[in-house]
There are 2 protein chains.
Amino acid sequence: MKYIEKLRNSGLRPTKQRLQICQVLFNSKKTFHFTINDLKKKIEKEININISLATIYNTVHAFENKGYLKQIPINSNQTYFDTNVSDHHHFYDLNEGRLIDLENSDVGPINIKKKINGKKIKSVEVLVKLEA
Amino acid sequence: MKYIEKLRNSGLRPTKQRLQICQVLFNSKKTFHFTINDLKKKIEKEININISLATIYNTVHAFENKGYLKQIPINSNQTYFDTNVSDHHHFYDLNEGRLIDLENSDVGPINIKKKINGKKIKSVEVLVKLEA
DNA sequence: GTCTACTTTATAATGATTCTAAAAAGGTGT
DNA sequence: ACACCTTTTTAGAATCATTATAAAGTAGAC
């Protein structure tokens, strides 16, 4: 199974639940944005199974730490994740509360001129808020 | 009092508590970042008074809606605000959990090439994550 | 000053996330 | 396959930021 390696890389044993989470997260052609609750519902709908919230939090956080998922920096009461881990950005539609991918090529190069001593840049994320 | 107009503009009556909040928020020369709890503590320290959390939330949200405060888009368990409402960006030091201003001139022009039908851009915010 | 609508406050409610500890399952060695 | 030990899953409790509530206080208009 192709997900076993992903799990082992993330320091997780390949259990039944984790493989099912992988299937929902990584099996579709299109990447997508989700909250933990979205993901729980998606799992219930697509695999018709219940996985406890604690397990989902666990697995998602492990993948995030390993870079298999990205957190989207946005102020919301819930944390948003993205299965698209390529270097890209987001529109956030304030009226509909919807996130839309914004490819790197849609933004152009971003040149951070200021440096902070002893620190290196880990990521540069652009959030473009939209309104009607 | 210079804050009365700010409050009235935000649809708020100038009460004693709100004027005190204004003093802590807008009286200092330097702008700063804060969470609601930071602000509560700052008020207690600087004016030696207790204002209930509900009042602080209320006032901060009214100012945010009016553009007198900005929310900083970052995933954290708490919401961060900025008294610097000019068009600018942020470093976020992952190791220390610290925010640092990044002036517009430190980033250079950002050109969003993709358009979404019927939506206009309200803001463009860049978050640069730093690590050791 | 009186009146009415808006405010403040303490406290309760909500909701996302994390913790806990007991039961279940994975993995290794036999 | 079995025993054993560790990791994992789970339901439910705990935590913590934020929001709602409703009673007592205050601002502003007359």
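Letters go in sequence order (proteins before strands), and every chain restarts at 1. Computed from a predicted structure; not experimentally measured.
Listed by chain and residue number, nothing satisfies the salt bridge (Lys or Arg N to Asp or Glu O under 4.0 Å) test with Glu131(B) (two or more places apart in sequence, or in another chain).
When the C1' atom of dA20(D) is taken as reference, atom CG of Asn77(A) falls 15 Å away, rounded to whole Å. The CZ atom of Phe34(B) sits 11 Å away from the P atom of dT18(D) (whole-angstrom rounding). Rounded to whole Å, the distance from CD1 on Ile56(B) to P on dT7(C) is 16 Å. The separation between Gln71(B) atom CD and dT18(D) atom C1' is 12 Å, rounded to whole Å. With rounding to whole Å, Tyr80(B) atom OH is found 16 Å from dT18(D) atom C1'. Atom-to-atom, CD1 of Ile36(B) to P of dC16(D) comes out at 18 Å; the value is rounded to the nearest Å. Note: CZ (Phe81(B)) to P (dA17(D)) measures 14 Å, nearest angstrom. Distance, Leu39(A) CG to dA16(C) C1': 15 Å, rounded to whole Å.
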Exercise for review: Spell out protein contact along nucleotides 1-15 of chain D as letters: B when the base is contacted, S when just the sugar-phosphate is, - when no protein heavy atom is under 4.0 Å; keep the 5' to 3' order.
Suggested key: -----BSSSBB----

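Remark: His61(A) is in phosphate contact with dT18(C), judged by side-chain N or O atoms under 4.0 Å from OP1 or OP2. Put simply, Tyr57(A) has a side-chain N or O that comes within less than 4.0 Å of OP1 or OP2 on dT17(C).
Taking the centre of each ring, Tyr3(B) and Tyr68(B) stay at or above the 6.0 Å mark. Two rings, from Phe32(B) and Phe81(B), have their centers 6.0 Å or more apart.
Sorted by first then second residue, the salt bridge (charged side-chain N to carboxylate O under 4.0 Å, His left out) pairs that include residues 16-31 of chain B, not counting sequence neighbours, number zero.
Contacts of Thr35(A) with the nucleic acid, taken as non-hydrogen atoms under 4.0 Å apart, are absent.
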Review point. Hey, mind stepping through Asn58(A) and Thr55(A) against side chain to side chain donor-acceptor pair (under 3.5 Å) and telling me if it holds?
Key: CA-CA 5 Å; Asn58(A) 246 352; Thr55(A) 300; 5.8 Å; no

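With a 6.0 Å cutoff to the six-membered ring centre and a 45° limit on the axis angle, Lys114(A) does not count as a cation-pi contact of Phe91(B).
Between Asp82(B) and the options Gln71(B), His33(B), Lys70(B), a side chain to side chain donor-acceptor pair (under 3.5 Å) holds for only His33(B).
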